[in-house]
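These notes concern the structure reproduced below.
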2 protein chains.
Amino acid sequence: MKQPSSARAATPEPQRKSDITRQAILDSAARAFRLSGYSGARLSDIAAGAGMQAGSLYYHFDSREALVEALMDRGVEQTEAAVRAAIAALPAPASARDRLRAAIETHLLMIVQQEDIASATIKLIWQVPQPIRERALGRQRAYGALWRKLLADARDAGEIRSDLDLSVVRMSIMGALNWAADWYKPGKMTPEAIAADIVAMTLEGLRGPCKGEG
Amino acid sequence: MKQPSSARAATPEPQRKSDITRQAILDSAARAFRLSGYSGARLSDIAAGAGMQAGSLYYHFDSREALVEALMDRGVEQTEAAVRAAIAALPAPASARDRLRAAIETHLLMIVQQEDIASATIKLIWQVPQPIRERALGRQRAYGALWRKLLADARDAGEIRSDLDLSVVRMSIMGALNWAADWYKPGKMTPEAIAADIVAMTLEGLRGPCKGEG
DNA sequence: TTGATTTTCTAATTCAGATTAGATTATTTG
DNA sequence: CAAATAATCTAATCTGAATTAGAAAATCAA
């Protein structure tokens, strides 16, 4: 808690020593919460995973709730950043469809790959106390705006048949992707292969019944 | 607890007095767990919703865990029963596609309509203690077999392009449907309209890029 | 009505785990 | 090296909610 006296705002580089510990705690918390849920994960579990004692967590976070909120903050932030980066990295003439595809692939990879934090965040939203949930939903709404834009662009480009409600489309895609956090087990299929199938069934499903292929 | 001495097995009609209370408790529990999650819902909340005191619950259920397990039992059971009934009720020459459509519609309706129990069950799976989760997942696996069959039939009938992994397809559909429990708010769109959109995007997405329409 | 059985209530008890306080150790800085 | 600060540990304390026990009330059977 005793945050150092210097300015805090936008100083990402000078990593204080404790920032590393803080990160380790969040990593451990992500794993614990993903595996055990909000109620199942004990602070002592989380602390153990970060190589410390339960009481020591309070030097870094005011409370269990503050910890989980910080975790969810970072979870949404990281996912959105990754998706934006993937879209930005597309070669020059990227169609609405290309961008949507990139978003779907990247979101799924965030959910399914190493990172416990993205899937923990999703799972936690409906487990945490209401005030925390409210704020988390607010942040997710912001992330949702990105998807709304992607889908609106795709529809304007004629990639999505106009009789579908875009909210339903968006939520269905998010559902299909986020659900993977629950069933994915490494080994059988690669995340990339799964992403490819979801992209295929989603994108080609979004188009009208039949008009020739692009 | 003191279950009456008579046989228990397959006697659905002679409803003892306490069966009504038991049902009221499960209803209240479904609502409470859906709204507050496994940790958030207190036994006193559940009891209040059923018009009784927390301690009285123990006459009907051995423990909080027994209650939640009974709830999830019923949740899967009801959903599967509804889906099977909908399929059985289809007019005579029902194609694989028709049956899949019926399943999707019905599953969504179970999630989204009045019944808190279906959505509570889904939400609870990853919140409950491991032993309960294991058993619940087992029951869901059985329900999943029904879907596996539906999808295999559809693929055999040429309704699903053969390059897609059917497990991924199945899980994506379940994800899209189950996610609705989290975002659906009555008022804006009818459940039927939502179901129609999901059916449209799912089924037409499952077909190969283009071969004419059925 | 009366006794037996079922159901519910009230008022502890218990317990696990979050939180706190102060001592202790590490780390940095001059 | 020594003082100051940062980080962690240990050992309570606190809390809230599940659970239990036994007393009451309701229901039922005769």
Side-chain angles (χ1 to χ4, degrees), chain A residues 1-8 11 14-29 32-33 35-71 124 127-132, chain B residues 1-6 8 14-29 32-33 35-71 124 127-132:
Chain A
M1 269 324 310
K2 251 129 269 177
Q3 279 299 353
S5 42
S6 60
R8 207 68 198 63
T11 330
Q15 295 276 338
R16 319 198 176 298
K17 279 298 165 62
S18 80
D19 287 340
I20 295 167
T21 303
R22 194 185 158 93
Q23 179 63 49
I25 293 172
L26 287 174
D27 286 345
S28 173
F33 282 127
L35 292 174
S36 311
Y38 181 67
S39 61
R42 330 240 158 274
L43 287 190
S44 53
D45 299 338
I46 294 170
M52 54 174 52
Q53 224 60 28
S56 308
L57 294 177
Y58 286 81
Y59 182 77
H60 301 275
F61 297 95
D62 282 337
S63 67
R64 174 188 180 79
E65 302 193 351
L67 168 58
V68 86
E69 183 151 15
L71 175 71
L124 283 170
Q127 304 187 28
V128 296
Q130 189 184 359
I132 299 181
Chain B
M1 268 323 312
K2 252 130 269 176
Q3 279 299 353
S5 43
S6 60
R8 209 67 199 61
Q15 295 275 339
R16 320 197 176 297
K17 279 298 163 66
S18 81
D19 286 341
I20 294 168
T21 303
R22 193 185 159 93
Q23 179 63 49
I25 293 172
L26 287 173
D27 286 345
S28 173
F33 281 127
L35 292 174
S36 311
Y38 181 67
S39 61
R42 330 243 157 272
L43 286 189
S44 54
D45 299 338
I46 294 170
M52 53 173 52
Q53 224 61 28
S56 309
L57 294 176
Y58 286 81
Y59 181 78
H60 301 274
F61 298 95
D62 281 336
S63 66
R64 174 187 181 78
E65 302 193 350
L67 168 57
V68 86
E69 183 151 15
L71 175 71
L124 283 170
Q127 304 188 27
V128 296
Q130 190 184 359
I132 299 181

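Naming: A, B, ... by sequence-line order, numbering from 1 per chain.
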For the [atom1] atom of [X] and the [atom2] atom of [Y], what is their distance to the nearest 0.5 Å?
X: A/I132; Y: A/Q127; atom1: CD1; atom2: CD; result: 12.0 Å
X: A/S36; Y: B/Q130; atom1: OG; atom2: CD; result: 8.5 Å
X: A/F33; Y: A/L124; atom1: CZ; atom2: CG; result: 6.0 Å

Go through the side-chain N and O atoms of A/Q23 and A/D27 and say whether any donor and acceptor fall under 3.5 Å apart. yes

Shortest non-hydrogen contact from [X] toward [Y]:
X: B/L71; Y: B/L26; value: CD1-O, 3.7 Å
X: A/G49; Y: A/S28; value: CA-OG, 3.4 Å
X: B/A54; Y: B/S44; value: CB-CA, 4.0 Å
X: B/S39; Y: B/R64; value: CA-NH2, 3.9 Å
X: B/H60; Y: B/M52; value: NE2-CE, 4.5 Å
X: B/I25; Y: B/I46; value: O-CG2, 4.0 Å

Can a side chain N or O of B/T21 be found less than 4.0 Å away from OP1 or OP2 on C/dT6? no

Please tell me if B/H60 has a side-chain N or O lying less than 4.0 Å from either OP1 or OP2 of C/dT6. no

[N] [atom2] sits how many Å from [X] [atom1], rounded?
X: A/L57; N: D/dA7; atom1: CG; atom2: P; value: 14 Å
X: A/R42; N: C/dA18; atom1: CZ; atom2: C1'; value: 11 Å
X: B/L43; N: D/dA18; atom1: CG; atom2: P; value: 4 Å
X: A/R22; N: D/dT8; atom1: CZ; atom2: P; value: 13 Å
X: B/F33; N: D/dA17; atom1: CZ; atom2: P; value: 13 Å
X: B/Y58; N: C/dT14; atom1: OH; atom2: P; value: 15 Å
X: A/I25; N: C/dA18; atom1: CD1; atom2: P; value: 14 Å
X: A/I20; N: D/dA7; atom1: CD1; atom2: P; value: 11 Å

Neighbours of DNA chain C within residues 44-56 of chain B, by heavy-atom distance under 4.0 Å: B/M52, B/Q53, B/S56

Might you list the N or O atoms of the protein lying below 3.5 Å from N or O atoms in nucleotides 24-26 of chain C, with each pair's distance?
none

Step by step, would you call B/E69 with B/F61 a side-chain contact (heavy atoms from CB on, under 4.5 Å)? CA-CA 10 Å; B/E69 183 151 15; B/F61 298 95; over 6 Å; no

Read 5' to 3' with Watson-Crick or G-U pairs under 3.5 Å, [ ] for crossing pairs and | for partners on another strand, DNA chain C gives ||||||||||||||||||||||||||||||

